[in-house]
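This report refers to the structure that appears directly beneath it.
Only this structure's heavy atoms are used, side chains among them; waters, hydrogens and symmetry mates stay out. Start at 1 and go down the list; that is how both ligands and their atoms are numbered. Residue numbers run from 1 in the order of the sequence given.
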Amino acid sequence: MAKPKTYEGGCLCGHIRYRASGEPEFPHLCSCTQCRRWSGAPTVAWVEFPLVTFQWVPAGRTPQLFRSSERTERGHCPVCGSALCAIDDGYPNISIVVGSLDRPNLIVPDVRHSYRSAKPRWWHAEARRPPAR
Ligand SMILES: [Zn+2]
Ligand SMILES: [Zn+2]
């Protein structure tokens, strides 16, 4: 069996780092008002990883959490403020912003775009798998 791929990433200043070795799920874009205000970007690209195979490195150094809605917390670096993750209560996956990955090309958001109609009208966001080389 092939060794599972590892995905690593972190914040702008390097204080918060993570490693995910599970299968990435639900790579998508979101343009909801919460994502926009939280990130400062018109659209956020997300990907989910199973919590059981996800770890913050070094262990114990975790993002600061902010409860942004009844059942969701969003995590950012307490030092530099980078937006990093979202965790839904009772959900087995953690959502990671694709922009925080060391190699963002490894995750290609698909056509799913949550709250597409909420994006600024001047913004055209489209995720497309690059042609195979
Ligand atoms: Zn940081
Ligand atoms: Zn959103």
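For the pair R67 and D89, the salt-bridge criterion is met [side-chain N within less than 4.0 Å of a carboxylate O].
Rounding to 10 degrees gives 110° for the angle at the Zn ion (ligand 2) between SG of C32 and SG of C30. Draw a line from the Zn ion (ligand 1) to SG of C13 and another to SG of C77, and the angle between them is 110° (to 10°).
C11 lies close to the Zn ion (ligand 1), since one of its N, O or S atoms is found at a distance under 2.8 Å.
Using a 30° and 60° split on the angle between ring planes, W56 and Y18 fall in the perpendicular class, above 60°. A parallel orientation is assigned to the rings of F26 and H28, their planes being inclined by less than 30° (bins at 30° and 60°).
Residue S31 forms a side-chain hydrogen bond (donor to acceptor under 3.5 Å, both in side chains) with just one option from K119, R116, R36, H113, and that option is H113.
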